[in-house]
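For reference, the structure is listed below as structure tokens.
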Amino acid sequence: MSEQQSFDVVVIGSGPGGYVAAIRAAQLGLKTACIEKDKTLGGTCLNVGCIPSKALLDSSEQYAHTKHKLGVHGIVVKDVGLDLGTMMKRKEAVVGDLTKGIAFLFKKNKVTWLPGHGRLVSATQVEVKKSDGTTEVVTAKNIILATGSVPASLPTAPYDGKRIVDSTEALSLSQIPEKLLVIGGGAIGLEMGSVWSRLGTKVTVVEFQDRIVPFADRQMGAALLKILTAQGLEFKLSTKVTAAKVEGKKVYVEMEDAAGKKDRVEADYVLVSIGRKPYSEGLGLKELGIPQDKLGRVEVDAHFQTSVKGVYAIGDLVRGPMLAHKAEDEGVAVAEIIAGQAGHVNYDVIPNVVYTWPELATVGLSEEECKAKGITYNTGTFPFLANGRAKAMAETDGLVKIIADAKTDKLLGMHIVGPRASDMIGEAVMVMEFGGSAEDIARSCHAHPTLPEAIKEAALAVAKRQIHL
Ligand code: FAD
């Protein structure tokens with residue numbers, strides 16, 4: 001019998017939580033391995049999440065821009081065509097490059113990649129089941145669980161993998177549907193809805209709540225709703241899907257609104273995007289007595305440690321927003337804690353972006369959250385319509401909203417609907433990390449003409465001293 005491989009750290013799962021934890025642990029001098037059951041590294045984010053969705057969002061936006069927006073710049077483009085096959089191949093190439101990049105980073109940092117399904121055997125042992133059915137048990141002083149999440153299912157519209165699909169399948173449709181019904185008005189539903197809408201699909205979004213992007217400040221959600229509606233997406237809010245039936249190549253979806261009014265909608269595809277659930281199948285949690293909450297999230301303490309000493313959990317598998325950068329930051333923090341350092345994640349300052357066009361980016365508290373916490377606050381807003389660069393770009397939809405503490409002026413939240421909001425939100429993150437105020441932003445020199453000048457103007461508006469409106 002060959003001797004068991006032993007490591008300081010074994011990570012199960014190679015998504016943004018797992019691969020980052022493995023690299024950071026190795027950087028800190030710990031002998032590290034990462035177990036991954038799928039063929040490629042990178043998890044949901046790189047393979048079927050953030051990256052392929054953004055590749056399609058960028059491609060489809062280029063198409064929609066060329067078709068509908070170049071005219072105002074005096075650029076005449078005739079016969080704009082679409083080659084969906086090439087668009088999909090480009091997406092796959094982007095994914096391929098980045099997943100191979102993780103394999104390269106593992107090699108560079110001397111992280112051992114153990115392909116196979118990982119299962120906890122004890123607090124210091126993990127069984128790796130390989131694709132050929134053979135198993136190997138490795139020992140570890142510390143184990144990090146980073147097995148991520150999978151799409152949640154809806155009993156009234158069960159997935160059939162062909163016509164009623166999840167986000168993974170919606171990223172790879174082989175032809176442009178005539179009609180797509182999206183269940184769920186959150187980030188994934190709006191992003192995938194935008195992709196197919198731009199390519200010519202009639203998209204209807206059904207949302208149980210009375211608003212889209214329920215995690216965002218209500219005013220900003222309403223602004224995005226108005227813009228997406230003007231782009232041609234149809235929304236049915238306060239509506240629940242009661243049944244979905246596949247007949248041949250069509251899906252017939254029954255729904256009911258809050259007033260009890262019933263409707264029946266026909267679609268070529270239905271995308272169920274009502275959220276994601278933590279994934280821990282075959283991980284051996286129960287056998288080791290590691291508790292999970294009623295949503296299936298592994299319970300951890302402030303140092304990411306489960307009830308079993310030396311077994312940690314991070315990313316989508318634990319509490320907090322299901323976001324790649326949150327998982328990454330937890331990966332760094334847990335590796336540093338294991339190495340005896342003071343790893344830490346500031347959960348008050350985690351940005352959240354919806355990559356529609358324009359984008360919605362948000363960090364910190366919304367007005368509703370301030371009210372619920374009894375915090376008195378001031379707000380300042382500034383529309384992109386009054387921003388010189390947005391005018392020059394002919395991209396004037398949206399606004400910046402700043403929320404500052406009424407007593408101290410400390411920045412509590414920033415919310416942006418606008419072009420490249422995802423890139424702009426970093427300014428708010430930095431100011432909030434340093435405990436800065438709206439006044440700090442207002443007094444910082446912003447290059448002209450740029451989109452972030454709208455942030456400065458919104459900060460000035462908090463003190464009711466805007467210049468350009
Ligand atoms: P995951 O990325 O889910 O990785 C878990 C890994 O563990 C997987 O590779 C899985 O195969 C592996 N695994 C599971 N069990 C085992 C086992 N027992 N043994 C071995 N391996 C195992 N977030 C953003 O921040 N920005 C975005 O723009 C964004 N867009 C998204 C778009 C879509 C369509 C989707 C679906 C998600 C998106 N997300 C986005 C969310 C983001 O992908 C997740 O929050 C992130 O991937 C979570 O990282 P993780 O490391 O916790 O888990």
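Each residue takes its place number in the sequence, starting with 1. When a ligand or atom number is given, it counts from 1 through the structure's own listing order.
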**Request:** Taking only Lys NZ, Arg NE, NH1 and NH2, and the carboxylate oxygens of Asp or Glu, determine whether Arg119 and Glu287 approach each other closer than 4.0 Å.
**Result:** no
**Check against salt bridge (Lys or Arg N to Asp or Glu O under 4.0 Å), Glu330 and Arg24** = CA-CA 11 Å; Glu330 289 182 341; Arg24 185 71 188 119; over 6 Å; no
**Prompt:** Hey, are the side chains of Lys179 and Lys250 touching, using non-hydrogen atoms and a 4.5 Å cut-off?
**Reply:** no
**Fill in**
By chain and number, the residues contacting ligand 1 below 4.0 angstrom (heavy atoms only) are Ile12, Gly13, Ser14, Gly15, Pro16, Gly17, Gly18, Ile35, Glu36, Lys37, Asp38, Gly43, Thr44, Cys45, Val48, Gly49, Cys50, Ser53, Lys54, Gly116, His117, Gly118, Ala146, Thr147, Gly148, Ser149, Ser167, Ile188, Arg276, Tyr279, Leu283, Gly315, Asp316, Met322, Leu323, Ala324, His325, Ala327, Tyr355
**Request:** Run the numbers on Trp357 and Gln231 for side-chain hydrogen bond (donor to acceptor under 3.5 Å, both in side chains), then give the verdict.
**Result:** CA-CA 10 Å; Trp357 190 271; Gln231 287 176 8; over 6 Å; no
**Over 12 foreign heavy atoms within 6.0 Å of NZ, Lys31** = yes
**Request:** For Ser172 and Lys91, test the side chains for any donor-to-acceptor distance below 3.5 angstrom and give the result as yes or no.
**Result:** yes
